[in-house]
Amino acid sequence: MATIETFQRTELKKTNPLFTMLRTTVETAFYGSNMHEIANLSEAYELARTSPGVIVTDMPVQETAQLGLPEDAKVLVENGGKIVGRTAKARRYAGEDKEEDDKIMGLVRDVIFQNRVKKYHKATAYVGLDEAFMVKAHIAFPKGYENNLYSWLLNFQWANDSYNDRYTKSKPYSEGDIYVYADPDWRHPDYPMGLAYFEPDRNVACILGMQYFGEFKKGTLSLAWGTAHRNGYVSCHGGLKEFHLEDRKRVFAFFGLSGSGKSTLTHSKHHNKYKVKVLHDDDFIIDLADGSSIALEPSYFDKTQDYPADHPEQAYFMTVQNVGVTKDVDNKLVLVTEDIRNGNGRTVKSRYATPNRVDKLDSPIEAVYWIMKDDSLPPLIKIDNAILGATFGATLATKRSSAETARQGEKRDQLVIEPYANPFRVYPLLEDFNDFKKLLDREGIDCYIINTGAFLDKDITKDVTLSAIESIVDNTATFKAFGTGTGLTYLEVPGYEPPMDSAAYKYLVKVRMQMRKDYLVNFNKENLEFPLPDEAIEAVDQILNAIQ
């Protein structure tokens, strides 16, 4: 089995590293008499369909037989309140603050005790879609939140007979199953935004006072990513695709925050110029030993704003959150998706939206693209060494979308740094730096920055971005030095030539590079136990010194 589900009685002792206070408290709650085990996806659908506030549209779910749903299943809608995005401020990690840990553990015990009189539903799914990496995950929601539980089972791989059999044959890891306990109704004055409390190396979380589905999806993924990282994989928040050429296959990975364009780049058919296979557009892992990659989820948690009425992509919606509903000319309930009700309308969309979908790619990855929205950079930059590539990943500069609640002091269009486009990391950033440096040091792999925003005052269109990628696929790209001695070259794109003889432009580049250096320096001051290596700061200094 992939993760540890049962233990011999002789192992149930205080010295067993799995059994910590939080892990034991949360897992024990799953065996209470108030817990009802969901038998299959059809039962989850029926519970969600009749859950308070859920809207049953007149839009049929496609491919119901393959999904394990009732033949007449419809797209379900559930809307939340004020919060319609992830709330990073609510996250806490066991071990960060001993005093707060003691306080939170008391709160967790109180929550579980008080909820003993509430009916709960629990369910099991798998994270990781290949026998090389499968983690069993369990989640529990109180009655009234059946649509979140149903969406969770759709988003991950529910434990059907086929996957149960695959799991028994999968590679074993010395890791515990994932357990996530939820109580969206919880309120506490000390945690007005809610509380998401994680003990990552024990694969356990308690998510309280938060109803947005993305918290439960990314909370589960955070623990699975941590498990993969501890076992020789690079954990990736991005998209990955394979181009099939006449004489070879080329695997490219795109790393970016929600709204950066990673899904667009991952799913693009390039006007049918190539045969393409898609692994996933949001999360996957890369084996550091051989460069192969595995998808963690079958489905997609996608923004709906780009899919208006009658858009063909709506055919693959299964559940939808935080959108409007109206009646069409035939008096049928349909969606209003263009973020009119609120920002960040979302759908759990089935894998069948991508006919060329695969769950594992054996071909080693050949290119990493850091997706940024930094107007000092031309459409495509090539980075010439692994240290500099890992450093730019650690200082990935972009703009937040409505997918995440803005952090204190941030504006929505403000340029911010989010290392490796992954705000869900549950281990030290230093370890990601080392993993990506090792990955980028593999023979035959290149690293690029791709700007999907604007260059100076000129927007970079989707066609320009796709053409840039196609020039790499076809080996027709022509690069020029981005200054002397920077370790960077830029793709020649008509209309986007960097004015390297302009003092104003060079000043802008230096400001943006200094921003990255300042981030690294400040990070190390605040993370004395696990600072990033001096070579990262020296890599940025190399560019600052070269741009004169």
Side-chain angles (χ1 to χ4, degrees), residues 238-282 303 306 313 354-356 361 363 365-384 389 392-393 396-399 401 421 440 444-483 486 488-500 505 509 512:
L240 190 141
K241 69 198 298 183
E242 181 179 67
F243 295 87
H244 285 228
L245 308 178
E246 287 186 6
D247 59 342
R248 63 187 296 195
K249 299 174 183 177
R250 307 201 67 182
V251 179
F252 290 3
F254 305 93
F255 293 81
L257 286 179
S258 297
S260 67
K262 65 179 169 60
S263 293
T264 299
L265 299 182
T266 303
H267 290 291
S268 174
K269 297 177 181 178
H270 300 271
H271 305 292
N272 295 316
K273 185 176 180 181
Y274 316 99
K275 180 183 178 182
V276 172
K277 289 186 177 180
V278 171
L279 187 77
H280 205 270
D281 69 356
D282 188 62
K303 292 171 72 69
D306 296 328
E313 206 76 4
T354 310
N356 50 344
L361 288 172
S363 301
I365 184 173
E366 286 192 21
V368 164
Y369 292 83
W370 306 128
I371 304 175
M372 304 202 194
K373 291 193 175 184
D374 179 346
D375 62 359
S376 73
L377 301 176
L380 188 72
I381 290 271
K382 186 175 183 181
I383 305 168
D384 74 354
F392 268 108
L396 188 146
T398 188
K399 296 178 181 179
S401 74
L440 294 172
I445 189 168
D446 294 317
C447 186
Y448 303 91
I449 300 169
I450 192 158
N451 183 2
T452 58
F455 177 54
L456 299 176
D457 58 352
K458 188 172 183 178
D459 287 340
I460 299 173
T461 66
K462 183 174 75 171
D463 286 342
V464 167
T465 299
L466 292 175
S467 293
I469 293 168
E470 290 166 12
S471 72
I472 305 298
V473 177
D474 297 334
N475 285 321
T476 59
T478 303
F479 288 91
K480 279 187 172 182
F482 189 74
T486 62
L488 306 174
T489 54
Y490 69 91
L491 178 70
E492 289 189 274
V493 180
Y496 295 91
E497 189 81 11
M500 300 306 294
Y505 176 67
V509 172
R512 296 296 163 75

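Computed from a predicted model, the values in this text were never measured in an experiment.
The minimum heavy-atom distance linking Y448 with I472 is given by the pair OH-CG2, 3.5 Å. When all heavy atoms of G256 and I371 are compared, the closest pair comes out as CA-CB, 4.2 Å. Annotation for L491 and A468: closest pair CD2-CB, 3.5 Å, computed over non-hydrogen atoms. Taking each heavy atom of I365 and A253 in turn, the nearest pair found is CD1-CB, 3.4 Å. In plain terms, the two heavy atoms of M500 and G483 that are nearest each other are CE-N, 3.5 Å.
The ring-ring contact (aromatic ring centres under 6.0 Å, His included) search around Y505 returns F455, not counting sequence neighbours. Legend: residues meeting ring-ring contact (aromatic ring centres under 6.0 Å, His included) with F252, ordered by chain and number and at least two apart, are F243, Y369. Under the side-chain hydrogen bond (donor to acceptor under 3.5 Å, both in side chains) criterion, Y496 pairs with no residue at all, not counting sequence neighbours. D306 pairs by the side chain to side chain contact (heavy atoms under 4.5 Å, CB included) definition with nothing, not counting sequence neighbours. Residues satisfying the ring-ring contact (aromatic ring centres under 6.0 Å, His included) test with Y490, not counting sequence neighbours, are none. Residues satisfying the salt bridge (charged side-chain N to carboxylate O under 4.0 Å, His left out) test with K480, not counting sequence neighbours, are E492, E497. Applying the side-chain hydrogen bond (donor to acceptor under 3.5 Å, both in side chains) test to D446 and every residue at least two apart in sequence or in another chain returns nothing. Residues meeting the side-chain hydrogen bond (donor to acceptor under 3.5 Å, both in side chains) test with E470, sequence neighbours left out: H270. The side-chain hydrogen bond (donor to acceptor under 3.5 Å, both in side chains) test applied to N451 returns no partner, not counting sequence neighbours.
Here the CG atom belonging to L279 is positioned 5.0 Å from the CG atom belonging to L361, to the nearest 0.5 angstrom. To the nearest 0.5 Å, atom CD of residue E242 and atom CG of residue N356 are 10.5 Å apart.
Looking at T264 and F254, their side chains never come closer than 4.5 Å, going by heavy atoms from C-beta outward. Side-chain atoms of D384 and L488, non-hydrogen and from C-beta on, never get closer than 4.5 Å to each other. By the 4.5 Å heavy-atom criterion applied to side chains, L240 and T266 are not counted as neighbours. Residues T465 and L265 form a side-chain contact, since some pair of their non-hydrogen atoms from C-beta on lies under 4.5 Å apart. Two residues are said to be in side-chain contact when any heavy atoms from C-beta on lie closer than 4.5 Å; V509 and F482 meet this criterion.
A donor-acceptor contact shorter than 3.5 Å is absent between the side chain of K277 and the backbone of H244. A donor-acceptor contact shorter than 3.5 Å links the side chain of W370 to the backbone of G389.
Applying the salt bridge (charged side-chain N to carboxylate O under 4.0 Å, His left out) rule to pairs touching residues 245-271 yields R248-E366, R250-E366, K262-D282, sequence neighbours excluded.
Summarising the local packing, NZ of K275 is surrounded by 12 or fewer heavy atoms from other residues, nucleotides or ligands at distances under 6.0 Å.
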Which atom pairs, donor and acceptor, lie under 3.5 Å between side-chain atoms of residues 372-381 and protein residues at least two apart or in another chain?
| residue | atom | partner | partner atom | Å |
| --- | --- | --- | --- | --- |
| K373 | NZ | G259 | O | 3.3 |
| D374 | OD1 | S376 | N | 3.0 |
| D374 | OD1 | S376 | OG | 2.9 |
| D374 | OD1 | R512 | NH1 | 2.7 |
| D374 | OD2 | S376 | OG | 3.4 |
| D374 | OD2 | R516 | NH1 | 3.1 |
| D374 | OD2 | R516 | NH2 | 3.1 |
| D375 | OD1 | R512 | NH1 | 2.6 |
| D375 | OD1 | R512 | NH2 | 3.2 |

What pairs of donor and acceptor atoms, side-chain ones from residues 456-464 against any protein atom, are under 3.5 angstrom apart with sequence neighbours left out?
| residue | atom | partner | partner atom | Å |
| --- | --- | --- | --- | --- |
| K458 | NZ | G495 | O | 3.4 |
| T461 | OG1 | V464 | N | 3.2 |

